[in-house]
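Every heavy atom of this structure was used, including side-chain atoms; hydrogens, water molecules and symmetry mates were not. Each chain gets a letter, A, B and so on, in the order its sequence line appears, and its residues count up from 1. No experiment lies behind these values; they were computed from the predicted model shown.
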Amino acid sequence: MVTTVGEIGQHEGRTVTICGWLYNLRTSGKLLFPIFRDGSGMIQGVVLKNAVPAAVFDAVKGLTQESSVIVEGKVRADKRAPGGYELDVSNVQVLQRVPETDPYPITPKEHGTDFLMDHRHLWVRSPRQAAILRMRAEIIRAARDFFDQRGFTLTDPPILTPAACEGTTTLFPVNYFDEQAYLTQSGQLYIEATAMALGKVYSFGPTFRAEKSKTRRHLTEFWMIEPEVAYATLEDIMELAESFITAIVKRCLEHRCSDLEMIGRDLAKLARIEPPFPRLSYDQAVTMLQQAHAKGALEHRFEWGGDLGSPDETYLSSQFDKPVMVHRYPAAVKAFYMEPDPARPELALCLDVLAPEGYGEIIGGSQRTASYDLLIQRIHEHRLPEEAFRWYLDLRKYGSVPHAGFGMGIERAVAWICGLEHVRETIPFPRMLYRLYP
RNA sequence: UCCUCAGUAGCUCAAUGGCAGAGCAUCCGGCUGUUAACCGGAGGGUUGUAGGUUCGAGUCCUACCUGAGGAGCCA
C-alpha cells in the first residue's frame with residue numbers, strides 16, 4: 001500500500017510503500033540506516049544484511065544523497081525514532097541514483113547564504129525550508145479564508161500598468177508593443193474601482209518595486225493581499241486589520257504548530273497576539289521617539305513632520321508585545337490619494353501596522369480621498385500625469401463614497417510569524433537586488 | 001546611490017610578510033542501533049581579477065569584480 005511519511009502512524013505493523021528521496025545514509029557494517037524524505041516528513045529505514053536479499057542490501061548501501069527511491073517496508077513504532085516510527089526495509093527501487101562524481105551539493109553540514117541562494121532550487125528540499133513554505137501556504141490560505149468568509153470578492157488587478165500607482169517608488173519598465181508600461185507596485189487603485197462595483201473586495205498577487213533596497217526586509221518582487229471597502233472609514237479598516245492579523249496568527253498556531261517548532265519559533269510570543277492592538281497617533285509616536293532620544297535609546301532626534309525611519313519603527317514596536325498601529329501621519333509624507341483628517345487637514349487618515357520584535361511595517365493603509373476636486377489638486381501637487389488617472393478620477397465623479405483599505409506584504413508577515421532573519425526564505429524563489437537566479 | 005564587512009579545496013573555515021592547512025563532502029577499508037554517527041586511509045588549489053611594494057605576498061598598497069549587512073525608500 002502506497003502512503004506518505006506524514007500518515008505512516010496509521011499503518012503501524014503493516015508493509016507500506018513510500019515514494020521519496022534519500023536524505024542521509026549511515027552504515028554500521030551489516031546494518032544500514034537510510035533516512036527517507038517524501039515532502040510530508042522524514043523516516044529512518046533499517047536494513048539488516050541477514051534479513052533482506054543481497055541485491056536490496058547492496059542497492060541501499062550504494063545510495064547517494066537525494067537519489068530518488070520507492071521503498072517498501074514494515075512500519076514499526078520505536079522510541080528512539082524522532083518521528084516515533086521506523087521502517088524495516090524489505091525492498092527498494094532506485095529511480096535515479098545521484099552519481100558520486102557529481103554529488104548533491106547541499107550536505108547536512110552548514111553552508112553560507114550565497115551558496116544556498118545560488119542553489120535555492122535544491123535548498124527548498126531542506127526540512128526547515130520546506131516547513132517555511134508550508135507556513136507561507138497556511139498564512140495565504142488563512143488570509144483568503146478571512147476575506148472570503150466576510151463577504152469580500154476576490155478581484156485581480158492587472159500586473160501590467162500604464163503608470164505609477166503612487167508616483168513615489170521606482171518601477172520596472174516593460175516594453176508593451178513599443179509603448180512604455182510598468183509592472184504594478186500595488187493593485188490598490190484598481191480595487192478601489194472594483195470596490196465601487198462589489199462593495200467589499202480584495203486582491204492577492206505579486207507586486208514589483210525597482211528600489212535598490214538591500215536589507216533583510218526587501219524583495220523586488222513580493223506578494224500583497226489588499227482589501228478595499230466602500231463606505232469604510234479609517235476606524236473601520238483599523239479594526240479589520242486587527243482582526244485580520246489575529247485570525248492569521250491563530251490559524252498558524254492551530255494548524256502548523258509542529259512546523260513553527262521545527263523552525264524554532266517562540267510560540268508564547270504568538271499566543272499573545274489578540275485584540276485590541278495598541279494604537280498610537282503620529283503625534284504620540286513623535287513624543288515617544290523624542291523621549292527615547294533624550295534617554296539615549298535613539299541616536300537621532302525625531303522632528304515632527306518626517307516619515308518614520310527604520311530605527312524609529314524598530315524602537316516603537318519594541319515597546320509593545322503586540323503589533324502596534326500608528327495612524328494619522330502628516331499628509332505631506334504620504335501618498336496623494338489619502339483623505340485628510342477633517343479635524344486637522346495637515347494629517348492623512350492613514351495607518352501603518354508595525355509587527356513586534358523589530359519586523360517593521362507589515363501593513364500600510366488609509367481612507368481614500370473621496371472628493372474629485374481635492375484628488376485632482378493632489379495629483380497636480382505630486383506632479384503626476386493627469387491623463388493616466390482619468391479613470392481613477394471617474395470614481396469620484398460617479399457616486400463617490402468614503403472608502404478605505406490596506407495592503408499586507410505576505411513575505412514580511414511570514415518572516416514575523418516564523419521568526420526569520422530575512423524575508424528571502426519566505427518565498428520559493430526570491431527576487432532581490434543582484435539576485436535573479438535561479 | 002552612500003557607509004561597513006567579506007572573497008583561500010565542491011562546502012564551512014584556518015594560516016605573525018617566510019613550505020597551501022583542517023573538518024565536512026567524494027572514493028577505498030572497518031564497525032549489528034546509528035541520530036550533522038564514529039574510526040583508519042586516498043584524491044582534491046591559477047588564494048575573486050589586474051597592477052604595485054618587497055629578496056619573498058593568501059597576508060601590505062591601488063583599482064576593479066562579486067556578494068553580504070545597514071541607510072535612504074517601502075510592504
Which one, B/A68, B/U34, B/A36, comes nearest to the side chain of A/Glu86?
B/U34

B/S/- contact track for nucleotides 7-14 of chain B, protein heavy atom under 4.0 Å
----SS--

Would you kindly compare A/Gln44 and A/Leu433 by the position of their nearest RNA chain B nucleotide and give the one closer to the 5′ end?
A/Gln44

Hey, does [X] reach any base, or is it just sugar-phosphate, or nothing, if we go heavy atoms under 4.0 Å?
X	answer
A/Ile362	sugar-phosphate
A/Glu221	nothing
A/Lys214	base
A/Gly360	nothing
A/Asn50	base
A/Asp307	sugar-phosphate

Dot-bracket for RNA chain B, 5' to 3', with Watson-Crick and G-U pairs under 3.5 Å, [ ] for crossing pairs and | for other-strand pairs: what is it?
(((((((..((((....[..)))).(((((.......))))).....(((((..]....))))))))))))....

A/Gln180, CD atom: more than 12 neighbouring heavy atoms under 6.0 Å:
yes

Going by side-chain hydrogen bond (donor to acceptor under 3.5 Å, both in side chains), A/Glu66 matches just one of A/Arg97, A/Gln96, A/Arg37. Which one?
A/Arg37

Verify the distance criterion only: is there a donor paired with an acceptor across the side chains of A/Ser310 and A/Arg217 at less than 3.5 Å?
yes

Check the geometry between A/Phe33 and B/G33 and answer yes if their rings are stacked (centres below 5.5 Å, planes below 30°), otherwise no.
no

